[in-house]
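What follows is a short report on a single structure.
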Amino acid sequence: MSSRDADRQPDRDPGRQPGHDPGRPPTRRRPAQRLFAAVLPPPSAAAELRTAVAPLRTLPGAQDLRWTRPEDWHFTLAFYGEVPDEDVRPELEARLGRAAHRTEPFRLRVHGAGHFGGRALWAGAAGGLDALRLLAERADAAGRRSGVPLEEHRRFTPHLTLARSRAGAELRPFTEALAGFEGQGWEAGELSLVRSELPHSGVPGERPRYAVVRAWALGR
């Protein structure tokens with residue numbers, strides 16, 4: 001290239017992009033967030049269950065389980081995974097709001113216990129399960145119609161996860177100890193969108209953190 005041709009070339013500032021306004025800071029897309037829809041038990045129900053769970057933590061094998069925090073207990077309705085904040089989340093939130101408004105409040109209570117193989121110990125639910133399942137279906141549909149790539153639809157099993165095991169554990173003694181638990185009823189009146197933050201410290205046994213990013217009252 002001759003010096004004359006070089007003089008005709010536009011400035012090549014690596015920090016500038018076509019259409020960029022040097023007087024305006026570049027916009028940055030916010031990262032995707034790991035989200036799920038849930039119904040949260042009130043503090044009174046969580047405290048009641050916490051008292052019932054305490055003796056389970058003294059059973060043989062309890063020290064090998066990763067016990068969840070009572071403040072993190074929730075009934076997951078739909079798990080969305082990593083949701084692009086700018087592209088999908090506004091549509092997802094709008095649809096979840098409509099799902100909440102179409103669903104009337106209903107009664108729930110924590111009831112009994114169960115387990116998923118040797119991986120997870122949980123407490124179950126009783127009361128308005130038909131309404132809870134309907135809300136779960138609507139939360140799932142809100143994600144799919146918003147473009148969230150969800151897994152194949154599975155049968156909804158309402159549960160509050162109490163403990164997990166990475167290696168697999170014999171959980172039957174724990175479910176038997178909690179099988180007769182019957183909590184006080186409460187009115188489920190909100191649908192929550194929750195953010196899950198996975199631990200990054202590498203500390204063994206560290207658990208994810210949950211934060212409600214938005215909630216909608218049920219009913220009109």
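One-based numbering along the sequence shown.
With hydrogens and angles disregarded, no donor-acceptor distance shorter than 3.5 Å links the side chain of Thr76 to the backbone of Ala38. Within the 3.5 Å criterion, the main-chain N or O of Arg172 finds a donor-acceptor partner in the side chain of Glu170.
Pro158 has its side chain within reach of Leu129: a pair of non-hydrogen atoms, C-beta onward, lies under 4.5 Å apart. Residues Val148 and Leu35 have side chains not in contact (no heavy-atom distance under 4.5 Å, counting atoms from C-beta outward). Residues Tyr80 and Val88 fail the side-chain proximity criterion, which asks for heavy atoms closer than 4.5 Å. The side-chain heavy atoms of Asp130 and Phe106, taken from C-beta on, include no pair separated by under 4.5 Å. Counting heavy atoms from C-beta on, the side chains of Arg89 and Val213 come closer than 4.5 Å.
A ring-centre distance under 6.0 Å is not found for His115 and Phe174.
What you find for Gly219 and Glu104 is that their closest heavy atoms are CA-OE2, 3.9 Å.
The number of heavy atoms from other shown groups lying within 6.0 Å of CZ (Arg98) is above 12. Few gaps surround CD on Gln63; more than 12 heavy atoms of other groups in view lie less than 6.0 Å from it.
Two different hydrophobic clusters hold Trp73 and Leu40 under the rule that ILVMFWY side chains link at heavy-atom gaps under 4.5 Å. Put simply, Leu77 and Tyr210 are part of two different groups of oily side chains (I, L, V, M, F, W, Y) that touch within less than 4.5 Å, one to the next. In this structure, Phe36 is not a member of the same hydrophobic cluster as Phe116, with clusters built from ILVMFWY side-chain heavy atoms closer than 4.5 Å. Both Leu218 and Trp186 belong to a single network of hydrophobic side chains, linked directly or stepwise wherever heavy atoms of I, L, V, M, F, W or Y lie under 4.5 Å apart. Both Leu96 and Leu135 are assigned to one and the same hydrophobic cluster, defined by single-linkage of ILVMFWY side chains at heavy-atom distances under 4.5 Å.
The residues Glu137 and Arg133 are annotated as not salt-bridged, no charged nitrogen and carboxylate oxygen being separated by less than 4.0 angstrom.
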